[in-house]
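Structure first, commentary second.
First the proteins, then the strands, lettered A, B, ... as listed; each starts at 1. Atom set for the values below is all heavy atoms of this structure, side chains included, hydrogens, waters and symmetry mates excluded.
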Protein chains: 2
Amino acid sequence: MSRDFATQTHLAHTRATDWLTAAGLRPTRQRLALAALLVGDGQDRHVTAEKLFVAAQHGGEKVSLATVYNTLRAFCDAGLLTEITVDASRSYFDTRTDDHPHFFWEDTQVLTDAPSDQLEILRLPEAPDGCEIARVDVVIRLRRPA
Amino acid sequence: MSRDFATQTHLAHTRATDWLTAAGLRPTRQRLALAALLVGDGQDRHVTAEKLFVAAQHGGEKVSLATVYNTLRAFCDAGLLTEITVDASRSYFDTRTDDHPHFFWEDTQVLTDAPSDQLEILRLPEAPDGCEIARVDVVIRLRRPA
DNA sequence: TTAAGTGCAAATTATTTGCAGTAAG
DNA sequence: CTTACTGCAAATAATTTGCACTTAA
């Protein structure tokens with residue numbers, strides 16, 4: 001809570017590097033910057049390409065939007081992120097890669113984790129013949145009452 | 001099962017008309033054609049704009065793609081359809097408007113209903129303060145094993 | 001008659017891609 | 001060195017929109 005800036009930055013960098021190399025991805029300057037924003041503080045995050053791009057710029061990083069897109073795709077392919085689709089016009093990327101439920105705030109278009117220990121699925125429809133369940137997406141859409 | 005074509009068509013037309021007027025929508029030629037394709041036989045359906053457009057053309061109906069989009073949106077706004085988002089690049093529209101689970105076949109990109117009686121959610125994360133749950137989307141993603 | 005609905009073509013928006021240059025191993 | 005990565009600008013693809021025309025009520 002009271003670590004100084006240098007230490008925090010250093011930790012973020014280390015974590016980002018490990019995260020990338022563990023997945024066999026080259027830790028380039030751009031990827032490190034994006035990775036640090038995603039997992040630098042060990043917190044789970046849900047980002048859109050645009051939001052991450054803005055965050056990077058805000059942090060003084062020089063990364064192109066196309067690279068942000070390509071990088072997010074690369075991270076997904078490497079299993080570092082999961083893509084979650086709640087809004088047909090935008091993709092969200094989650095740093096948590098296990099199967100867990102989400103809240104989607106319809107007014108702000110924000111996606112967050114829902115406490116997974118509060119979800120108990122007793123029975124699930126079984127996969128039809130010749131199929132297996134790749135993932136179960138549970139999105140709880142929240143509305144602020146008028 | 002063995003009703004003749006004229007009767008089937010007539011039923012479809014009636015059902016489509018009722019469906020539209022019940023929602024306070026003007027039963028125009030285009031809307032009737034699309035509605036008949038959607039609910040004409042009383043079966044539940046999941047369509048994309050493009051698929052519905054092609055189906056209409058195939059049936060000899062003259063409807064523009066923009067109208068298909070506008071119409072689907074109008075049907076949703078009127079509560080006749082529900083939009084389901086499983087794929088960031090395409091919207092699916094479901095003729096069943098109650099909250100129920102779906103199968104999404106990743107190989108064919110097809111969306112179907114999952115038997116809702118086989119899903120039992122024992123406990124759901126509760127909505128954060130000042131919020132209510134608008135809907136719970138459950139999408140079971142199916143993969144055909146290699 | 002008149003407000004709602006339609007078609008077309010142009011606009012928008014998120015995302016991808018081709019390719020020439022740059023950097024990591 | 002050599003192959004992967006990046007940036008830019010152009011290409012895609014789904015969806016929306018402006019506007020003149022048509023049609024249901």
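An OP1 or OP2 oxygen of D/dT6 is reached within less than 4.0 angstrom by a side-chain nitrogen or oxygen of A/Arg31. Phosphate contact (OP1/OP2 of C/dA23, side-chain N/O of A/Thr28, threshold under 4.0 Å): absent. The side chain of B/Gln30 contributes an N or O atom lying less than 4.0 Å from OP1 or OP2 of C/dG7. Of the side-chain N and O atoms in B/Arg26, none sit less than 4.0 angstrom from OP1 or OP2 of D/dT23. Between C/dT15 and A/Tyr69, a contact under 4.0 Å exists linking OP1 or OP2 to a side-chain N or O. Of the side-chain N and O atoms in B/Thr67, none sit less than 4.0 angstrom from OP1 or OP2 of C/dT6.
When rounded to the nearest whole Å, the span between CD of A/Glu83 and P of C/dT16 equals 8 Å. Protein atom CG of B/Leu20 is 12 Å distant from nucleotide atom C1' of C/dG5, rounded to whole Å. Atom pair B/Asp87:CG and D/dA14:P shows a separation of 10 Å (rounding to whole Å applied). Rounded to an integer number of Å, the gap from NZ of A/Lys62 to P of C/dT22 is 11 Å. B/Glu61 places its CD atom 16 Å from the C1' atom of C/dG5, with the value rounded to the nearest Å. One interatomic measurement links the two molecules: CZ of B/Arg29 to C1' of D/dT23, which rounds to 10 Å at whole-angstrom precision. In this structure, B/Asp77 atom CG and D/dT16 atom C1' are separated by 13 Å, rounded to whole Å. When the C1' atom of C/dT15 is taken as reference, atom CZ of A/Phe53 falls 14 Å away, rounded to whole Å.
More than 12 non-hydrogen atoms from other residues, nucleotides or ligands lie less than 6.0 angstrom from CD of A/Gln57. Atom CD of A/Glu126 has 12 or fewer heavy atoms from other residues, nucleotides or ligands within 6.0 Å.
Both A/Asn70 and B/Tyr92 lie close to DNA chain D; mapped to their nearest nucleotides by heavy-atom distance, the more 5′-ward contact belongs to A/Asn70. Nearest-nucleotide mapping onto DNA chain D: of B/Arg90 and B/Leu25, the residue sitting toward the 5' end is B/Arg90.
One side chain, A/Asp113 or A/His46, offers a donor N or O that lies under 3.5 Å from an acceptor on the other.
The structure places CG of A/Asp44 at 11.0 Å from OG1 of A/Thr112, a figure rounded to the nearest 0.5 Å.
A/Thr48 comes within 4.0 angstrom of no nucleic acid atom, judged by non-hydrogen atoms across all strands.
Of the possible donor and acceptor atoms, none in the side chain of B/Arg90 sits under 3.5 Å from a partner among the backbone N and O of B/Glu50.
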